[in-house]
Amino acid sequence: QADITAMASTGTRSALEQAKAFSPQIVLLAPGIRTQKTQRMLVLLNKQLPQAKIVVLDFVLAREGAVVYEGAGIAGYLRRDASLVVFLHTIRSVANGAKLLPSSSQDSILKLIVEDAFREDRIQSIYKAIRLTNLEYQVAAILASGKSIQSAATLLHLTAPTIRAHLRNTIDKLTLYLQLESAFPT
């Protein structure tokens with residue numbers, strides 16, 4: 001793309017040194033699994049490159065990651081399997097001042113993860129792979145269909161906190177599955 005110049009680096013020190021020399025408008029951070037290392041990198045980027053807007057590229061936005069990213073003031077979030085069109089749109093939009101993040105409410109973030117992971121084309125293989133309980137599967141299916149946590153609670157004759165607990169269990173299992181899937185592709 002004529003309007004985008006990119007450089008790549010691995011490792012915290014070399015990445016920061018190259019980024020300082022390059023003086024980027026946007027930093028694309030692909031953190032992998034280590035949340036503490038990611039948090040340190042975000043602090044360093046904010047301190048040493050205050051002009052840069054950070055876009056995080058990750059497999060799944062886990063609860064812990066969402067908290068770290070929101071606290072670090074990132075400007076955008078992309079799933080690693082985002083299409084080229086979505087990728088370029090996000091980079092250009094963030095460069096023009098937009099913030100492209102999931103909603104800051106935990107319910108919305110968790111719902112976003114479930115809706116994305118439990119798409120119709122993936123639901124059966126993920127259900128078998130992460131060994132959801134019947135109730136976790138029902139909660140995930142209801143939320144993936146676009147219904148709210150309160151609607152799921154009403155449909156299943158449970159409380160909203162109980163639905164959130166099942167959702168957190170599902171997210172924990174799903175996060176581990178997706179991280180292992182990415183580390184050991186078949």
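Since the structure is predicted, the reported quantities are computational estimates derived from the model, not experimental observations.
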Measure the [atom1]-[atom2] distance between [X] and [Y] for me, rounded to the nearest 0.5 Å.
X	Y	atom1	atom2	value
Thr162	Ile149	OG1	CD1	11.5 Å
Leu158	His166	CG	NE2	6.0 Å
Leu143	Ser151	CG	OG	9.0 Å
Ile74	Leu29	CD1	CG	9.0 Å
Leu28	Leu57	CG	CG	5.0 Å
Ile163	Leu167	CD1	CG	8.5 Å

Derivation and outcome, side-chain hydrogen bond (donor to acceptor under 3.5 Å, both in side chains), residues Thr90 and Ser93: CA-CA 5 Å; Thr90 300; Ser93 296; over 6 Å; no
Sub-4.5 Å side-chain heavy-atom contact between [X] and [Y]:
X	Y	result
Tyr77	Val55	no
Leu49	Phe22	no
Val94	Lys99	no
Thr170	Val139	no
Pro24	Lys53	no
Ile4	Arg92	yes

Side-chain (Lys20) to main-chain (Gln48) donor-acceptor, under 3.5 angstrom: no
Any donor-acceptor N/O pair, Gln25 side chain to Ala95 backbone, under 3.5 Å: yes
Give the minimum heavy-atom separation between [X] and [Y], together with the two atoms involved.
X	Y	answer
Thr133	Lys173	N-NZ, 4.3 Å
Ala153	Ala160	CB-N, 3.7 Å
Gln51	Ser23	NE2-OG, 3.5 Å

Path from Val86 to Leu88 over hydrophobic side-chain contacts below 4.5 Å: yes
Co-membership, hydrophobic cluster, residues Val85 and Leu78, 4.5 Å side-chain: no
